[in-house]
Amino acid sequence: MDTGQQLMYHKGVTTAALPLGNGQVENWDDSGLADNSQQTDHTSTDIDTDDIIQCNRVKNGTRMVVHSKDATKVKPGDQKTLRRLAQNREAARKSRLRKKAYVQQLESSRVKLVHLEQELQRARQQGIFIATPGDQGHLAVGNGALAFDIDYAHWVDEHQRLLNDLRTAINSQMSDSDLHILVDSVMAHYNELFRLKSIGAKADVLHIHNGMWKTPVERCFMWLGGLRSSELLKIIKNHLEPLTDQQLMGICNLQQSSQQAEDALNQGMEALQQSLVEILSSTSLGPNGSGNVADYMGQMALAMGKLAVLGSFLHKADLLKQETLEQLQRILTTRQTARALLVQNDYISRLRALSSLWLARPRE
């Protein structure tokens, strides 16, 4: 650098000293400094307003410092820079607030996800099927079937607690009046299951019909979203001896009427399935199919309507199961009803245990 010219920099502000004929050094005028300040406004806007903007002036060998907080020395360009800095500070503050809100939202979502994973793990430990990717039930999260699975897991927990209380009451020779209260609680809890199934069927009728919320072995005995009432009556009757002749006759008649209602529902289901076959095969199939999009969409619309009818069959089957339990309670005494509820629960528990053993079997 030439000894006659001195360049001074401070945070992007340059002041050049020009040599004069008398050897003294004179600074550029104030207008040059203001222009340079305007250029700095476009290139560096992240300067803290607490910083000191220094302008070095050298005259007669003396250095002068001008402080930015001196209101009498602030240039128009400096005012614009300060406004820009204030705007940047406000934008940074809002950005920090948005970031804080986003982090809080992520944390809330993480807590909800952990809670849902715990619910699913509990359901799996109880042997309840939870749809996984690749299964037909993978849409359960969106249509409410998964919510039913979780509600059913809670129902199983509460049902087991009620049955344990009932078992303890029978073994302790509790009075019939107190035992009757426990029996009514179990019956009311079964009604709650039918209510949950009705809600689940509205969300995904196939999920309820196919018993995807049951264990694999239970699904082998499924009939319209549950076990056949006639089969349960047969099991209960064999474990309630001694029965009076009138009670035995009442159970046999109830079993026969349940069987007839089940047969009627089976005929309706067969007719529904046949109707679906006819709808889906009404036009050409295979490589010679016409591929008419309008015909195809019409077929799918009719088929969807038929599938919706499946919900009414599930509702009628649950009504049959509910009425069978209520009639059985009227036939038996309070203590016999309590034993019948335990017999039914023990049978279902063995189905679940068998399913767990099957899933845990050694595999080659």
Side-chain angles (χ1 to χ4, degrees), residues 128-131 134-152 155 190-216 218-233 254-286 289-327 348:
I128 300 171
F129 174 83
I130 299 297
D135 292 321
Q136 290 295 326
H138 72 282
L139 297 177
V141 174
N143 61 20
L146 180 58
F148 170 79
D149 291 344
I150 295 175
D151 289 339
Y152 178 70
W155 183 90
Y190 272 116
N191 293 335
E192 173 65 12
L193 175 60
F194 295 134
R195 187 188 69 84
L196 292 176
K197 289 176 64 179
S198 177
I199 296 175
K202 293 177 182 178
D204 188 344
V205 65
L206 292 177
H207 185 80
I208 304 301
H209 174 266
N210 297 333
M212 305 308 291
W213 39 285
K214 291 284 191 177
T215 61
E218 284 181 282
R219 292 200 294 273
C220 293
F221 298 89
M222 288 290 289
W223 176 78
L224 289 176
L227 298 176
R228 291 176 180 269
S229 298
S230 59
E231 292 295 329
L232 289 175
L233 287 174
L254 181 59
Q255 183 179 351
Q256 183 178 1
S257 62
S258 297
Q259 182 69 59
Q260 291 174 351
E262 290 167 1
D263 292 340
L265 288 173
N266 285 337
Q267 292 176 3
M269 284 294 297
E270 291 176 0
L272 175 62
Q273 293 173 355
Q274 183 62 34
S275 178
L276 280 171
V277 171
E278 293 174 356
I279 291 174
L280 296 177
S281 62
S282 60
T283 58
S284 299
L285 301 175
S290 61
N292 189 309
V293 177
D295 291 344
Y296 177 80
M297 295 305 296
Q299 285 180 340
M300 292 299 106
L302 290 174
M304 289 288 288
K306 292 295 182 181
L307 280 181
V309 178
L310 185 60
S312 65
F313 285 96
L314 289 178
H315 179 65
K316 292 176 181 178
D318 279 348
L319 283 179
L320 173 61
K321 298 164 191 172
Q322 188 175 14
E323 291 174 359
T324 301
L325 277 177
E326 293 173 353
Q327 292 183 32
I348 296 175

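- When atom types are taken as modelled, the side chain of S198 and the backbone of F194 share no donor-acceptor pair closer than 3.5 angstrom.
- Residue pairs meeting the salt bridge (charged side-chain N to carboxylate O under 4.0 Å, His left out) criterion with at least one member in residues 260-270, sequence neighbours excluded, are R228-E262.
- Among all heavy-atom pairs drawn from L206 and L310, the shortest one is CD2-CD2, 3.7 Å.
- The closest side-chain heavy-atom distance from Y190 to Q322 is not below 4.5 Å.
- The main-chain N or O of A271 is never found under 3.5 Å from a side-chain atom of S275 such that the two would form a donor-acceptor pair.
- The distance from the CD atom of Q255 to the CG atom of L232 is 10.5 Å, given to the nearest 0.5 Å.
- R195 places a side-chain heavy atom less than 4.5 Å from the side chain of I199.
- In this structure, CG in N266 is found 10.0 Å from CZ in F313, a value given to the nearest 0.5 Å.
- In this structure the side chain of M212 never reaches within 4.5 angstrom of the side chain of D204, judged on heavy atoms.
- At a threshold of 4.5 Å between non-hydrogen side-chain atoms, the residues V205 and L307 do not count as touching.
- At least one side-chain heavy atom of L227 sits under 4.5 Å from a side-chain heavy atom of I348.
- Within the structure, salt bridge (charged side-chain N to carboxylate O under 4.0 Å, His left out) pairs that include any residue of residues 310-321 comprise K197-D318, D318-K321 (at least two apart or interchain).
- Across every non-hydrogen atom of L193 and Y152, the tightest pair is CD1-CD1, 3.7 Å.
- Using a 4.5 Å cut-off on side-chain heavy atoms (C-beta onward), N210 and M222 make no contact.
- In this structure, S258 and L233 approach most closely via the heavy-atom pair OG-CD1, 4.0 Å.
- Side chain of R219 to backbone of K214: a donor-acceptor contact under 3.5 angstrom is found.
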